[in-house]
Amino acid sequence: MNTKTDILRKDLRKNKWKYIMILPVIIYIAVFCYKPMYGVIIAFKNFRPAVGIMDSPWVGLKHFITFFNDYNFWRILKNTFSISALSILFGFPAPILLALLINEIRNTKFKRAVQTISYMPYFISMVIICGLIKTFCQSDGIITDLVVALGGERVNLLASKNWFYPIYIISNIWQNIGWDSIIYLAALAGIDQEQYEAARVDGAGRIRQIISVTLPGLMPTITILFILKMGNILNVGFEKILLLYSPTTYEVADVISTYVYRIGILDANFSYSTAIGLFNSVVNIIFLLLTNAISKKMNNSGLF
């Protein structure tokens, strides 16, 4: 009877070229993803670059307690959850709907044109995207003109706390909807066409086919992507908010990532900012595990 060592040795001999091909990826992940995690220890120390990580004095949970008692804590936590929740509520279903609509298009040339046009914003630099948003949302911008035509006031929209969330969410959907729909289109292509034929034989129209065949076929993909989305619930787009927000919108736009940037990079308080970042990661992991557990209990399907 073969031992586990014999089985492993045979597998290595049989698939040696596959292991060789994956080796650079493993090395990359180990060097650039796992090795830097050693630096997380400075969240529990009063890090001084001059003496290094190991020789910096240990302070335990001091930085975490300071963050929880910070007067900014509840504000940035609320802003982060608000922006992330709105992004999931409106942004997550958007590529699913686009994929369903594209899947219903029968004209191949028009279908490709729609896909190409919807993908394009994703490849535009974030700096350019934010520059366009700022220009369009100025008091004399094209979006402001549209707001005025609909009965609104002529103001700089990005300087208004009431307009920051809608601008951020809508522009985020516009930028990512096409790219995010690719995986759903791939899942749609994998659905057995005989199921559609059986549904048509039973008298199902297009809407009923979508409800009874398409959506159940997409559900495993939707579940996995939703779990991953929940695992990044506090990772709100740092670059975009940093480029769009201003002192007049700090109250609603300042999130954990921008706060870490100001504390860690601008103020050079590395230990405190690392503690905040570690707290952010732990909360994300908790949401990932909870969402995965709920999904496995309800749908018997999960990420792991």
Taking 4.0 angstrom as the limit, do [X] and [Y] come out as a salt bridge?
X      : Y      : answer
Asp6   : Arg9   : yes
Asp254 : Arg262 : yes
Arg154 : Asp145 : yes
Glu104 : Arg206 : yes

Those residues at least two apart in sequence (or on a different chain) that pass side chain to side chain donor-acceptor pair (under 3.5 Å) with Asn232 are Asn235
With Gln138 via side chain to side chain donor-acceptor pair (under 3.5 Å) - residues at least two apart | none
Among all residues two or more places apart in sequence or in another chain, which pass the ring-ring contact (aromatic ring centres under 6.0 Å, His included) test with Tyr122?
->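 Partners of Tyr122 by the ring-ring contact (aromatic ring centres under 6.0 Å, His included) criterion, ordered by chain and then number, come out as Trp179.
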Where the side chain of [X] meets the backbone of [Y], is there a donor-acceptor pair that is under 3.5 Å apart?
X      : Y      : answer
Thr274 : Phe270 : yes
Asn107 : Lys109 : yes
Thr135 : Gly131 : yes
Ser281 : Gly277 : yes
Ser84  : Ile233 : yes
Thr221 : Tyr184 : no
Ser271 : Phe47  : yes
Thr80  : Val255 : no
Thr144 : Asp140 : no
Ser171 : Tyr168 : yes

If the plane angle is over 60° it's perpendicular, under 30° parallel, otherwise tilted; pick one for His63 and Tyr272.
->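 Correct class here is tilted.
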Look at the rings of Phe32 and Tyr28 and say which category their plane angle falls in: under 30° parallel, 30 to 60° tilted, over 60° perpendicular.
-> tilted
Which value, rounded to the nearest 0.5 Å, describes the distance between [X] atom [atom1] and [Y] atom [atom2]?
X      : Y      : atom1 : atom2 : answer
Gln209 : Thr214 : CD    : OG1   : 7.0 Å
Ile96  : Leu215 : CD1   : CG    : 8.5 Å
Trp74  : Asn79  : CH2   : CG    : 13.0 Å
Asn72  : Ile256 : CG    : CD1   : 11.5 Å
Leu98  : Ile173 : CG    : CD1   : 11.5 Å
Asn269 : Thr66  : CG    : OG1   : 9.0 Å

Counting only heavy atoms not in [X], do more than 12 fall under 6.0 Å of its [atom1]?
X      : atom1 : result
Met126 : CE    : yes
Tyr38  : OH    : yes
Tyr19  : OH    : yes
Ile142 : CD1   : no
Ile191 : CD1   : yes
Arg200 : CZ    : yes

Given Lys134 and Leu158, is the side-chain contact (heavy atoms from CB on, under 4.5 Å) satisfied, shown in steps?
-> CA-CA 7 Å; Lys134 285 185 174 181; Leu158 275 177; 3.6 Å; yes
Measure across [X] and [Y] and return the closest heavy-atom pair with its distance rounded to 0.1 Å.
X      : Y      : value
Ala99  : Leu188 : O-CD1, 3.5 Å
Ile53  : Lys45  : O-NZ, 3.0 Å
Asp267 : Ile263 : CB-O, 3.3 Å
Ile169 : Ser87  : CD1-OG, 3.2 Å
Leu157 : Trp163 : O-CB, 3.3 Å
Lys35  : Val31  : CB-O, 3.3 Å

Criterion side-chain contact (heavy atoms from CB on, under 4.5 Å) on Asn280 and Asn284, from CA distance to verdict | CA-CA 6 Å; Asn280 184 84; Asn284 283 336; 3.4 Å; yes
Taking the side chain as everything from C-beta on, heavy atoms only, tell me whether [X] gets closer than 4.5 Å to [Y].
X      : Y      : result
Ile88  : Phe226 : yes
Trp17  : Ile22  : no
Asn46  : Trp58  : no
Ile276 : Tyr259 : yes
Ile182 : Asp180 : no
Lys240 : Gln175 : yes
Cys137 : Ile167 : yes
Lys78  : Arg75  : no

Side-chain H-bond candidate by donor/acceptor type, Tyr261 with Ser273, under 3.5 Å | no
When the aromatic ring centroids of Tyr245 and Phe164 are compared, is their separation below 6.0 Å?
->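 Centroid distance Tyr245-Phe164: not below 6.0 Å, so no.
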Taking the six-membered ring for Trp, is the centroid-to-centroid distance between Phe64 and Phe279 below 6.0 Å?
->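 No, too far apart.
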Checking side-chain contact (heavy atoms from CB on, under 4.5 Å) for the pair Ser295/Ile227: CA distance, chi angles, key distance, verdict?
-> CA-CA 8 Å; Ser295 175; Ile227 293 171; 4.0 Å; yes
With a 4.5 Å cut-off on side-chain heavy-atom distances among I, L, V, M, F, W and Y, is there a chain of contacts connecting [X] to [Y]?
X      : Y      : result
Val114 : Tyr119 : yes
Val40  : Leu234 : yes
Val236 : Leu89  : yes

